[in-house]
Amino acid sequence: METIFYQNLIKIKNLICFDLALTLDCGQAFRWKEDENGCWSGVAFGKFIRILQKDDELCFFGATREDFYGIWLPYFDLERDYERLCEGFCEDISMKEAVTSYPGIRILHQEPWEALCSFIISQNNNIPRIKGIIERLCQSFGEKLPCGEYTFPTAQRLSELSVEELATIRAGFRAKYILDAAKKTACGEVKLDLLSSMPIEQARQELLKIKGVGNKVAECTLLYGCGRMEAFPEDVWVKRVMAELYPQGLPACVGENRGIAQQYLFHWRRNKN
DNA sequence: TGCCAGGATGATG
DNA sequence: CATCATCATGGC
């Protein structure tokens with residue numbers, strides 16, 4: 001890939017194994033919106049960005065060079081060799097079908113707190129409603145940026161709220177879980193910053209301290225929020241794949257990248273019904 | 001209308 | 001240790 005810097009635009013050419021729409025709307029992040037021109041906009045790490053993919057080019061509008069390297073390159077996992085990765089996956093016949101059916105999915109590197117909070121909200125819930133709850137959460141308790149969009153509220157901010165004050169976002173029974181996560185994160189009882197470097201099992205146990213966080217939410221947080229590609233969140237769809245195709249575990253070609261394989265399997269199986 | 005949603009919890013067998 | 005109702009809301 002080749003990166004070109006213009007006045008107010010950063011363009012990547014010759015990018016392979018990358019599908020912007022698929023990556024932003026495959027159930028790993030919930031805040032991105034597509035406009036009528038196919039341009040995606042959203043906020044991550046407190047920064048607003050607009051991104052357009054067309055004709056083998058990826059355009060970042062309104063990003064500084066510093067944020068491009070510091071935020072967006074890692075956010076979209078653009079430094080990982082997905083071509084080689086997916087070639088390896090394709091040694092297994094079912095993984096090959098999943099990868100070739102929906103090529104270009106990348107695992108986002110979101111903020112740990114946003115990932116944790118988002119997947120607490122996701123439990124026993126559907127994606128349209130998850131998006132609505134998170135949008136109200138940000139509008140109510142995030143910070144307004146000049147563009148009019150809101151940042152994801154900090155754990156510190158949410159830890160000061162009561163369940164009654166949180167009722168406006170209509171998270172239902174999950175409200176108390178959000179507050180417990182916010183309090184334990186804000187006071188340092190759960191150290192989200194350390195999860196990326198801890199042994200994976202220890203990191204999972206750390207997250208299980210939070211009420212409303214089970215294995216699924218913990219693994220989602222580690223995968224999407226801590227860059228732990230070996231984390232393996234199992235939901236109803238992935239469990240179905242595992243029961244039907246891999247009763248004895250994932251094929252060896254998946255290696256340590258279980259989380260990435262899981263995302264392809266999830267999306268593939270979910271769109272089959 | 002009834003069913004389901006990228007689950008977790010506490011109570012029961 | 002496995003199962004099960006329940007949780008609150010909206011989309012279809």
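Here is the naming used below: chain letters follow the sequence lines, and residue numbers restart at 1 for every chain.
- If you measure from atom CD1 of A:Ile178 to atom P of B:dG7, you get 15 Å, rounded to the nearest angstrom.
- The aromatic ring centroids of A:Phe119 and A:Phe30 lie less than 6.0 Å from each other.
- Residue A:Gly27 is classed as a base contact, given a heavy-atom separation below 4.0 Å to a base.
- C:dG11 atom P lies 16 Å from atom CG of A:Asn124, rounded to whole Å.
- As a whole-Å value, the separation of A:Arg170 CZ from C:dG11 P is 9 Å.
- Cluster annotation: A:Ile107 and A:Leu78 are assigned to distinct hydrophobic clusters (Ile/Leu/Val/Met/Phe/Trp/Tyr, side-chain heavy-atom contacts under 4.5 Å, transitive).
- Looking at A:Tyr224, its side chain comes within 3.5 Å of the base of B:dG6 through a donor and an acceptor atom.
- Rounded to whole Å, the P atom of B:dG6 lies 23 Å from the corresponding atom of C:dC4.
- The CD1 atom of A:Ile133 sits 9 Å away from the C1' atom of C:dG10 (whole-angstrom rounding).
- The NZ-P distance, from A:Lys239 to B:dA8, rounds to 8 Å in whole Å.
- Nucleotide C:dG11 is matched to B:dC3 when pairs are restricted to Watson-Crick or G-U wobble geometry with both distances under 3.5 angstrom.
- A:Asn215 places its CG atom 10 Å from the P atom of B:dT9, with the value rounded to the nearest Å.
- Remark: A:Arg50 is positioned above the aromatic ring of A:Phe61, its terminal NZ or CZ atom under 6.0 angstrom from the ring centre and at most 45 degrees off the axis.
- Protein atom CD1 of A:Ile210 is 13 Å distant from nucleotide atom C1' of B:dA8, rounded to whole Å.
- No aromatic stack links A:Phe173 and the base of C:dA8, using centre distance under 5.5 Å and interplanar angle under 30°.
- A donor-acceptor contact under 3.5 Å links the side chain of A:Gln262 to the base of B:dG6.
- With both ends at atom P, the span from C:dG10 to B:dA8 equals 22 Å, rounded to whole Å.
- A:Glu219 comes within contact range of no nucleotide atom at all, as no heavy-atom separation falls under 4.0 Å.
- A:Phe30 comes within 4.0 angstrom of nothing in the nucleic acid, heavy atoms only.
- Between A:Gln123 and A:Pro128, the one whose closest nucleotide on DNA chain C sits nearer the 5' end is A:Gln123.
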Problem - Candidate pair A:Phe141 and A:Thr168, rule side chain to side chain contact (heavy atoms under 4.5 Å, CB included), full reasoning - result: CA-CA 11 Å; A:Phe141 307 109; A:Thr168 62; 4.3 Å; yes
Practice task
Check the pair A:Glu135 / A:Lys33 against salt bridge (charged side-chain N to carboxylate O under 4.0 Å, His left out), numbers first and verdict last.
Solution key: CA-CA 11 Å; A:Glu135 187 171 20; A:Lys33 286 185 215 160; 3.2 Å; yes
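- Between A:Gln28 and A:Lys211, the residue whose closest nucleotide on DNA chain B is further toward the 5' end is A:Gln28.
- At whole-Å resolution of the value, CG in A:Asn126 and C1' in B:dG6 are 10 Å apart.
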